[in-house]
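Just below is one structure, and these are the notes that go with it.
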Amino acid sequence: MGKSFKIAVLSGDGIGPEVMAEALKILDAIQDKYSVVFERTFANVGGIAIDVDGKALPEQTVATCKASDAILFGSVGGPKWETLPPDEQPERGALLPLRKIFGLFCNLRPAIIFPALTSASSLKEEVIDGGFNLLVVRELTGGIYFAEPKGITGEGSERTGFDTMKYSDAEVERISHVAFQTARKRSSKVCSIDKANVLSTSVLWREVVERVAKGYPDVELTHMYVDNAAMQLVRWPKQFDVMLCGNMFGDIISDEAAMLTGSLGMLPSASLAEGTFGMYEPSGGSAPDIAGQGIANPIAQILSASMMLRYSFGMIEAADAVDAAVEKTLNQGFRTGDIFQGLDGERKVNTVAMGDAIIANL
Ligand code: NAD
């Protein structure tokens, strides 16, 4: 028997457990095919953890994650918990502490539109003909969302809200290396997004990115102001390979890129720490509107598991095989409701049938 990896499985709420079941079936198939063992430990997170353990991220769950090589995360939240104080709600109470505890400083969000699904995009067919595949590399633990001071002071019309936008040389250097290294495994192009015409943070950002780029002469580096990048994404998304962004710009750009692909049910994400530890989860939420019906699209969760194989376990061949199986399944016409358009050759299937079809193609 070959290697063994420990996975903390945090399925969460809503469609989380339904789509997680399909990702775990894929991991079973990978185990058999590649002679590895995935030791899984299940733990509560989000709303279910609030109900069972009294808080969104129980100590036991943190301990399980610490004892693991990676976290495979479903999604959290739902109407039942929306009236709790913000810090106790499933998303804020679980995701932010997880990022902090595990030093998840880097968020990778691919936006892929498979050729079979170009008509599901909000963009015109001629703009995305043949599909596109870009990756947003977002700094996740610094920048304006976290830097101090921040707050609201004063009274009456003098009452003032303020935040601090701040990046250190070391923070920019660390995320830049991830972007360049990742680009090398793709089309070797990095576009760094900033607002260097206005923000000092961005002037430093640009300087550091250029310095780091000298160590990657095989990767092409360009810079783009964030407002232009937002326009270029809808004008011609195929021009991008890796988009390197700070926290706030990455938040916005990655959601914009995601929506160009048509369905949230298709998009995985990875949040990485230094070393190989990472947390892998779909970009979408718990989809309360369709939870419990067995109709959610499991592809985002399955591709998240594939990212885990690639980035935490170094199983590139297995990850490529999962990605190829997903693409083949789409080419065969299998569609869950969110991506079904009633076109010739499409077959509407439920969550389990989609998972089965992908396994059959592995
Ligand atoms: P959502 O992503 O859950 O749903 C938005 C729309 O996309 C819905 O129509 C939903 O049915 C659809 N959708 C999402 N994933 C799908 C899938 N796999 N298959 C088919 N359709 C899918 O966003 P929302 O409605 O804004 O939020 C619902 C809940 O999820 C809220 O409680 C929110 O706080 C939470 N949320 C959690 C995360 C997370 O766990 N990381 C992220 C975003 C939202």
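Counting convention: from 1, in listed order, for ligands and their atoms alike.
- The minimum heavy-atom distance linking Pro97 with Gly93 is given by the pair CG-O, 3.2 Å.
- In plain terms, the two heavy atoms of Ser283 and Ser269 that are nearest each other are OG-CB, 4.0 Å.
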Every pair of nitrogen or oxygen atoms between ligand 1 and the protein that is under 3.5 angstrom apart - can you list them with their distances to 0.1 Å?
unit_1, atom_1, unit_2, atom_2, d
ligand 1, 2 (O), Gly285, N, 2.6
ligand 1, 3 (O), Gly285, N, 3.4
ligand 1, 3 (O), Ser286, N, 3.2
ligand 1, 3 (O), Ala287, N, 2.7
ligand 1, 9 (O), Asp289, OD2, 2.9
ligand 1, 11 (O), Asp289, OD1, 2.8
ligand 1, 11 (O), Asp289, OD2, 3.1
ligand 1, 18 (N), Asn297, O, 3.0
ligand 1, 19 (N), Asn297, N, 2.9
ligand 1, 30 (O), Ser286, N, 3.1
ligand 1, 30 (O), Ser286, OG, 3.1
ligand 1, 32 (O), Gly78, N, 3.0
ligand 1, 34 (O), Glu91, OE1, 2.4
ligand 1, 36 (N), Glu91, OE1, 3.3
ligand 1, 40 (O), Val76, N, 2.9
ligand 1, 41 (N), Glu281, OE1, 3.3

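- When each of Ile175, Leu272, Ile193 is checked for a side chain to side chain contact (heavy atoms under 4.5 Å, CB included) with Val137, only Ile175 meets the rule.
- If you check the side chains of Gln232 and Arg235, you find a donor sitting under 3.5 Å from an acceptor.
- Checked against Tyr145 for a side-chain hydrogen bond (donor to acceptor under 3.5 Å, both in side chains), the options Asp163, Asn247, Asp251 give a single hit: Asp251.
- Leu330 and Phe114 make their closest contact through CD1-CD1, 3.4 Å (heavy atoms, listed as atom of the first residue, atom of the second, distance).
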